[in-house]
2 protein chains.
Amino acid sequence: MEQAGQRRRAATLKDVAALAGVSVATASKALNGRDQVRAETRSRVLEAAQRISFTPNSVARGLLAGQTGTVGLLTNDLVGRFSIPILMGAEDAFGTGKTSVLLCDARGDSIRESYHLQALLSRRVDGLIVVGSDTDPRPSLGDMPVPVVYAYGPSEDPNDLSLVPDNVGAGSLMARHLLETGRSRIAHITGEAGYSAARDRTEGITRALDAAGLSLLGGEALYGSWSEAWGRAAAAVIIDRHPDVDALLCGSDQIARGALDALRDRGIPVPEKIAVAGFDNWEVLATGSRPQLTSIDMDLEVLGRTAAQRLFAAIDGQHDSGTQKLPCRLVVRGSTVPDP
Amino acid sequence: MEQAGQRRRAATLKDVAALAGVSVATASKALNGRDQVRAETRSRVLEAAQRISFTPNSVARGLLAGQTGTVGLLTNDLVGRFSIPILMGAEDAFGTGKTSVLLCDARGDSIRESYHLQALLSRRVDGLIVVGSDTDPRPSLGDMPVPVVYAYGPSEDPNDLSLVPDNVGAGSLMARHLLETGRSRIAHITGEAGYSAARDRTEGITRALDAAGLSLLGGEALYGSWSEAWGRAAAAVIIDRHPDVDALLCGSDQIARGALDALRDRGIPVPEKIAVAGFDNWEVLATGSRPQLTSIDMDLEVLGRTAAQRLFAAIDGQHDSGTQKLPCRLVVRGSTVPDP
DNA sequence: TTGTATGCGTTATCAC
DNA sequence: GTGATAACGCATACAA
């Protein structure tokens, strides 16, 4: 540890102007491509700016314009794997422009959340994206001085704009895939019934089976936890109780991995005898297994990007509201269809 | 979609002052707890601020103070699982104060990186944390107008301050654990040799074995890829070639999961006959397996927090440099020691 | 105790 | 084409 030499303060427009021998006004015009400046002057200014590596202070610019070019992203579960793709999608959509993302993780604590909210508001973000930790509706932030878009977890208030994955549709999509590939005795193992994601997927599955004149094997879904251990246990139960089962539709990739394990232990070939499918398309899990796992991808990056676009629109004055469902995508792998 | 009603602009100090019937100066003093203001006046101002829910504009404040209270976090691999804990740690350390994090993901593209860097600099961040996508040294950003701390992936320039996990130490730690629990015929399956993390861990392992008068089974590590498939394949090879192996020390939890699978296929009991261990302590993988996986946790959240603290110190003028290694932590589970 | 004036860095509006 | 000046919202030195 040593004491630092005095760090040079960043160059300002005044420095550039002085170096180029013009006024700040002219320097500003030259740098911003205004056409009321002589070519020779402009190049002189540009060169000066280059020389002292001038970077315009967008804080000052923001103060003047009343827009900071920043948005707040308030998440509640950064560790979970759902926030990240959303964040990336949003960052992507903003990144191409000149908007930066201020990230806050409230860790599911509402005290922390309001604290962070305060900080973001005081930083005068142009808008907010609130990312839920699950798809269950959450309390609205209420009336905010800037537009807000809720992503993944919707707001309870229908006057807010929320973007969520269409889990019901996802369930139907997967069920239809299994039906189309010749399965008819389909069991459904899923996570905690407290999660609307679990219930929605189950509903979608049930509907699709219904439409085909079928119902779930055993009459209902097996709710448990979002873990491999539960997948193993539930799969074992189902196999014992319904030896003629031909598909294990699992509520998450973790559960599906557990189911695959259980089948392997019993020497039951997948997908030949029993198909296995998951949700979330968590690459590492889905592509690491034998066989690889058919899954549903919620396209969260698209969701994040869409949220960013909607937020832009809202900042532009386009008010919108309600909970909008975004489609999910089926990813077929070897666990439901034999590899060629 | 409907046109929004005019959104009310945020309240300013002037509004508060007007409402309280004082000057902005007095209002400012009252709100900031300066003691040159009459108690009655202060309460009048506070009440006015409350009424119109005034939030001080920290952009304006930052312009004045020359400090924005924001730091940039420049990562190169948000999808990967290493950036997030670091980010959380940093966010945690900052969050308790009044610093906010501007997040940018360069996605490993240096064009994108310099673009984001420019944006952060123009936003006048007080400092930067650069998170590498792996532990290999990366080019320095060079001379920056603000302090920079490199986390996870060190800078090539020793004049920069870098914080990295001690992978050599981690390797030794794990090897010693295996030795202490009675293993001596230890094979090492790891990822791509191009990664310094792989080489460092191998080195640490080799050293520890050396100190015990032993060497790796087969004489050297098996380099491959960071995947379950490789873990399965390599484990199979080792078992065939060295039937007396008593430990498979794997370079990542994914590889270890593959190894566990291969052993299970052959009916070899873990840990009774062969111990299996991984690195990274990726909870979902490590706790989902049978038996659960002993692993090394790089304590990345601590690393992120430390990076934030170091950055604070640097902003305060405490210059520091060099690549500092942070200790890793052994997490013992059932794959090396029988469950009680 | 309170108010006036100044400046932070930038852009826009107006004179020149 | 160029330059002086006001304004953005706030905090502070200084005057009253």
Side-chain angles (χ1 to χ4, degrees), chain A residues 8-46 48-49 52-70 98 119 121-126 145-146, chain B residues 8-46 48-49 52-70 98 119 121-126 145-146:
Chain A
R8 217 172 53 267
R9 81 171 167 68
T12 89
L13 192 57
K14 190 162 31 167
D15 301 329
V16 177
L19 187 58
V22 297
S23 72
V24 285
T26 305
S28 172
K29 288 169 197 158
L31 288 169
N32 292 309
R34 294 271 164 287
D35 54 354
Q36 326 139 331
V37 46
R38 197 153 45 113
E40 194 270 335
T41 311
R42 183 189 307 280
S43 64
R44 200 146 37 88
V45 171
L46 255 39
I52 57 180
S53 53
F54 166 75
T55 310
N57 184 333
S58 44
V59 174
R61 209 189 293 225
L63 182 59
L64 201 54
Q67 296 242 328
T68 54
T70 59
K98 54 206 177 343
L121 257 27
S122 94
R123 294 234 138 68
R124 293 298 188 268
V125 292
D126 297 334
V146 292
Chain B
R8 216 171 53 266
R9 80 172 166 68
T12 89
L13 190 57
K14 191 161 34 165
D15 301 330
V16 177
L19 188 58
V22 297
S23 72
V24 285
T26 305
S28 172
K29 289 169 198 159
L31 288 169
N32 291 311
R34 293 274 165 283
D35 55 355
Q36 326 140 330
V37 46
R38 195 153 46 109
E40 193 270 334
T41 311
R42 185 190 306 279
S43 65
R44 198 146 39 88
V45 170
L46 255 38
I52 57 179
S53 55
F54 167 74
T55 309
N57 184 333
S58 43
V59 173
R61 204 180 284 196
L63 183 59
L64 204 53
Q67 297 243 331
T68 54
T70 59
K98 56 210 174 340
L121 256 28
S122 94
R123 294 232 138 70
R124 292 299 187 266
V125 291
D126 297 333
V146 293

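When reading the values below, keep in mind they use all heavy atoms of this one structure, side chains included, and skip hydrogens, waters and symmetry mates. Chain A is the first sequence line, chain B the second, and so forth, proteins listed ahead of strands; every chain is numbered from 1.
Counting any heavy atom pair closer than 4.0 Å across all strands shown, B/V24 reaches no nucleic acid atom. Among the heavy atoms of the strands lying under 4.0 Å from B/L13 are primed sugar atoms or P, OP1, OP2 only; no base atom is included. Heavy atoms of B/T12 sit under 4.0 angstrom from primed sugar atoms or phosphate atoms, though from no base atom.
Rounded to 10 degrees, the angle between the two end axes of the helix from C/dT1-D/dA16 to C/dC16-D/dG1 is 60°, with five pairs used at each end.
Contacts with DNA chain C (heavy atom under 4.0 Å) in residues 32-43 of chain A: A/N32, A/R34, listed by number. A heavy atom lying under 4.0 Å from DNA chain C marks the following residues of residues 52-64 of chain B, by number: B/L63, B/L64.
Protein chain B touches strand DNA chain C; the 5'-most and 3'-most nucleotides with an atom under 4.0 angstrom of its non-hydrogen atoms are C/dT1 to C/dG9.
A distance-only check finds a donor-acceptor pair linking the side chain of B/S23 to the backbone of B/T26 [under 3.5 Å]. Listed for the A/N32 side chain is no donor-acceptor partner under 3.5 Å among the backbone atoms of A/K29. With hydrogens and angles ignored, the 3.5 Å screen pairs a side-chain donor or acceptor of A/R123 with a backbone N or O of B/T68.
In this structure, the side chains of B/L63 and A/N57 come closer than 4.5 Å at one or more pairs of heavy atoms. The shortest distance between side-chain heavy atoms of B/T70 and B/K98 does not fall below 4.5 Å. Looking only at side-chain heavy atoms (C-beta outward), A/V45 and A/L19 stay at 4.5 Å or farther from each other. For the pair A/L121 and A/V146, the minimum side-chain heavy-atom distance is below 4.5 Å. Considering only heavy atoms from C-beta on, B/D15 stays 4.5 Å or farther from B/F54 through its side chain.
Rounded to whole Å, the distance from CZ on A/R44 to C1' on D/dG3 is 14 Å.
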- Item | Full working for side-chain hydrogen bond (donor to acceptor under 3.5 Å, both in side chains) between A/T55 and B/S122 | CA-CA 6 Å; A/T55 310; B/S122 94; over 6 Å; no
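Considering every non-hydrogen atom in both B/D126 and B/G69, the closest pair reads OD2-N, 2.8 Å.
Taking 4.0 Å as the cut-off between side-chain N and carboxylate O, A/R42 and A/D35 do not count as a salt-bridged pair.
The salt bridge (Lys or Arg N to Asp or Glu O under 4.0 Å) test applied to A/R44 returns A/E40, not counting sequence neighbours. Remark: A/R124 pairs with no residue by the salt bridge (Lys or Arg N to Asp or Glu O under 4.0 Å) rule, at least two apart or across chains.
Mapping B/K29 and A/K29 onto DNA chain C by nearest heavy atom places B/K29 at the nucleotide closer to the 5' end.
For the OP1/OP2 pair of D/dA11 and a distance below 4.0 Å, the side-chain nitrogens and oxygens of B/S28 include at least one atom meeting the criterion.
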